[in-house]
Amino acid sequence: MAATRKSRDLTQGDVFAHMARMVIPMCLGIVAMMAVGVVDAYWVGQLGTAQQAAVQFVFPVNMAVMSIAIGLGAGAASVVARAAGRGSHDRTRRLATDSVVLSFALVIVTSAVGITIIDPLFTLMGATDAMMPHVRDFMQIWFAGIVFIVGPMIASNILRALGDAIVPSVIMVLAAILNMALDPLMIFGWGPVPALGVQGAAAATLISNMVVFVIAMAILIFREKIMDLSWPGWNELLWNWREIARVGIPASGSNMISPIAMSIAFASMARFGEGAVGGLGVAMRVEAFAIIPFFAMSACIGPIAGQNGGAGMTDRVREAFFKSFLFCAGWGLAMAVLLVAFGGMLAGLFLPSAEGRAVAELYWRIVPFTVMGYGIAMVASAGFNGLGRPLQGISLNAIRGFVLLAPLSWVIGSVYGSTGVIAGIAAANGLMAVLGVIYTLRFAPLTADNGKQRPVAPKPASAE
């Protein structure tokens with residue numbers, strides 16, 4: 001076990017080798033999870049239009065709740081990685097345990113509230129009478145079992161913070177495989193299993209995550225021995241929760257910025273017709289697959305920055321940041337060349353209208369050459385979260401989303417039409433590539449914020 005822990009010590013060895021070791025399996029996990037959405041949509045689509053629309057309709061609410069979980073995971077990874085970097089095993093165990101407890105407490109509250117507001121929430125969002133029974137069927141199960149969905153995410157973030165990239169990715173892939181295998185069984189029934197329809201889609205997600213939840217917690221408890229079940233006292237518990245939330249809350253907000261900004265870009269494109277919107281949507285979905293390594297790198301740089309920052313190794317932190325930036329530049333340019341080469345074929349495959357195909361092809365000829373800026377913003381923001389400096393992370397995403405992308409796509413689009421919207425997105429990415437590097441060099445100290453000295457619970461008085 002000692003040798004294993006040493007091999008996962010991110011403060012030793014080649015920085016880029018650690019990055020590659022963590023990014024590659026993470027990419028596989030992300031691909032697997034994205035595939036679940038495609039398979040879910042296919043099987044639910046066999047039930048009917050109202051059922052498919054209902055499951056798609058709940059997506060924004062699911063993503064909003066999951067953004068909170070992602071933020072909690074970022075907070076957990078940050079405090080655990082910094083404590084591990086300082087070599088404080090007892091402190092690492094305490095923070096890992098308190099992260100799990102905090103996530104469970106918040107998720108239980110979210111679940112209870114969510115179940116009670118399903119009808120008014122989705123009615124307010126515009127769900128039709130035909131959709132509402134299916135929305136209710138799906139969300140009741142989803143909210144009831146959300147602890148099993150969030151639990152593996154928190155556990156995986158803790159494992160990554162300790163330098164383990166393989167097990168979290170295996171957990172993601174296993175959950176995806178189980179979910180995809182259970183979908184048709186639970187939705188349509190077979191043998192003694194009844195056909196549950198839309199409820200079956202939610203049940204498949206719940207069951208698959210229950211399995212990996214048990215596995216993930218067993219790994220934390222028995223293999224890592226990272227759970228400290230002793231009572232720390234209210235002072236220390238609340239102190240630790242505050243430290244986790246100090247990173248987790250801004251990280252949750254930061255995670256929501258890009259979808260909001262992109263919705264404004266879509267609204268700008270909507271002025272030019274349904275074909276243009278369809279072209280932009282397909283172009284962005286394909287691009288999202290092409291830049292999966294950016295998402296993987298953003299998930300992995302936090303632990304690297306956190307451990308090295310916690311250990312005071314600022315040179316290694318800086319190396320991690322700038323090598324990840326170079327990776328984003330190299331990968332982005334490679335994907336841009338491929339999308340230019342195959343853009344026409346892809347547009348013809350996914351888009352029926354000539355207008356939509358034209359928008360998608362133009363997007364792929366321009367935006368991917370600047371998408372490195374998006375990657376730099378993501379990676380730098382995640383790196384600052386790992387260092388315990390979340391305000392620097394959220395400010396980068398806010399600049400890209402609200403200062404650059406949303407205004408530029410709207411203003412340039414107002415002058416040059418759909419071409420202008422695309423140009424605005426490209427300009428935002430390009431400026432972010434430059435600003436991200438300057439910001440990191442000039443305004444962001446690459447050291448860990450280890451906070452003030454935590455309170456120490458008084459020892460109980462000895463019996464007379």
Side-chain angles (χ1 to χ4, degrees), residues 10 14-35 160 165-166 168-169 172-173 254-255 258 262 282-305 316-343 345-346 360-386 393 396-397 400-401 404-405 422 425-441:
L10 303 178
D14 183 76
V15 171
F16 192 76
H18 285 307
M19 295 165 114
R21 178 177 61 82
M22 299 183 78
V23 165
I24 293 171
M26 188 65 189
C27 286
L28 296 176
I30 293 173
V31 170
M33 297 308 295
M34 292 175 75
R160 271 192 291 271
I166 302 297
S169 299
M172 293 172 71
V173 172
S254 182
N255 193 59
S258 184
M262 292 313 302
V282 167
M284 286 185 171
R285 285 179 182 271
V286 172
E287 182 185 67
F289 273 97
I291 61 171
I292 282 173
F294 290 1
F295 297 105
M297 182 65 77
S298 71
C300 297
I301 191 172
I304 295 172
R316 287 176 63 84
V317 175
R318 187 174 297 275
E319 181 183 355
F321 269 70
F322 285 100
K323 283 188 174 178
S324 66
F325 294 171
L326 288 174
F327 172 82
C328 289
W331 185 269
L333 291 174
M335 291 301 99
V337 171
L338 289 176
L339 287 173
V340 167
F342 297 101
M345 181 188 70
L346 291 170
E361 288 186 60
L362 181 63
Y363 185 99
W364 290 326
R365 285 199 297 268
I366 298 174
V367 176
F369 286 99
T370 67
V371 78
M372 68 181 74
Y374 182 27
I376 287 171
M378 278 197 295
V379 168
S381 178
F384 289 128
N385 287 339
L396 273 174
N397 279 334
R400 178 185 178 268
L404 296 176
L405 193 148
I422 293 171
I425 295 170
N429 285 340
L431 289 170
M432 202 63 233
V434 177
L435 289 174
V437 173
I438 293 174
Y439 185 98
T440 303
L441 281 170

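Heads up: numbering here begins at 1 and tracks the sequence. When reading the values below, keep in mind they use all heavy atoms of this one structure, side chains included, and skip hydrogens, waters and symmetry mates.
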Notebook entry, point to check: Between Ile304 and Ala320, what is the shortest heavy-atom contact and its length?
Noted result: CG2-CB, 3.9 Å

Checklist line | For Thr440 against Ala380, the heavy-atom pair lying closest together | finding: OG1-CB, 4.4 Å

Checklist line | Trp331 (side chain) donor-acceptor with Ala290 (main chain) under 3.5 angstrom | finding: yes

Checklist line | Steps toward side-chain contact (heavy atoms from CB on, under 4.5 Å) verdict (Met372, Asn429) | finding: CA-CA 7 Å; Met372 68 181 74; Asn429 285 340; over 6 Å; no

Checklist line | Interatomic distance, Ile301 atom CD1 to Ser324 atom OG [nearest 0.5 angstrom] | finding: 3.5 Å

Check: At what distance, to the nearest 0.5 angstrom, does NZ of Lys323 lie from NE2 of His18?
Finding: 11.0 Å

Checklist line | Point-to-point distance, once rounded to the nearest 0.5 Å, from CG of Leu10 to CE of Met19 | finding: 11.0 Å

Notebook entry, point to check: Can Val340 and Trp364 be said to form a side-chain contact (heavy atoms from CB on, under 4.5 Å), step by step?
Noted result: CA-CA 6 Å; Val340 167; Trp364 290 326; 5.8 Å; no

Next item on the list: With ring-ring contact (aromatic ring centres under 6.0 Å, His included) as the test, would you mind laying out the steps for Phe384 and Phe321 before giving the verdict?
Entry: CA-CA 10 Å; Phe384 289 128; Phe321 269 70; 5.1 Å; yes

Next item on the list: Taking the side chain as every heavy atom from C-beta outward, state whether Leu338 and Phe342 have any pair of such atoms under 4.5 Å apart.
Entry: yes

Check: Distance from Leu339 atom CG to Phe369 atom CZ, nearest 0.5 Å?
Finding: 9.0 Å

Checklist line | Taking every non-hydrogen atom, the tightest pair across Phe294 and Cys328 | finding: CZ-O, 3.3 Å

Next item on the list: Report yes if some heavy atom in the side chain of Met34 is under 4.5 Å from a heavy atom in the side chain of Ile292; otherwise report no.
Entry: yes

Next item on the list: State, to 0.1 Å, how close Gly436 and Ile376 come at their nearest heavy-atom pair, and which atoms those are.
Entry: CA-CG2, 4.1 Å

Next item on the list: Give, for atom CD1 of Ile425 and atom CG of Leu404, the distance between the pair rounded to the nearest 0.5 Å.
Entry: 12.5 Å

Check: Out of curiosity, Met22 CE to Met297 CE, how far, rounded to the nearest 0.5 Å?
Finding: 10.5 Å

Notebook entry, point to check: Where do Asn397 and Met378 come nearest, in terms of heavy atoms and distance?
Noted result: OD1-N, 4.5 Å

Notebook entry, point to check: What are the two closest heavy atoms between Ala377 and Arg400, and how far apart are they?
Noted result: CB-CD, 4.2 Å

Next item on the list: Would you please test Met335 and Val371 for side-chain contact (heavy atoms from CB on, under 4.5 Å) and show each step?
Entry: CA-CA 9 Å; Met335 291 301 99; Val371 78; over 6 Å; no

Note to self: Given 3.5 Å as the limit, does a donor-acceptor pair link the side chain of Ser298 with the main chain of Ala382, or not?
What the structure shows: no

Notebook entry, point to check: Mind checking whether Ser169 and Leu28 have side chains closer than 4.5 Å, heavy atoms only?
Noted result: no

Notebook entry, point to check: Would you say the side chain of Tyr363 lies within less than 4.5 Å of the side chain of Met284, judging by non-hydrogen atoms?
Noted result: yes

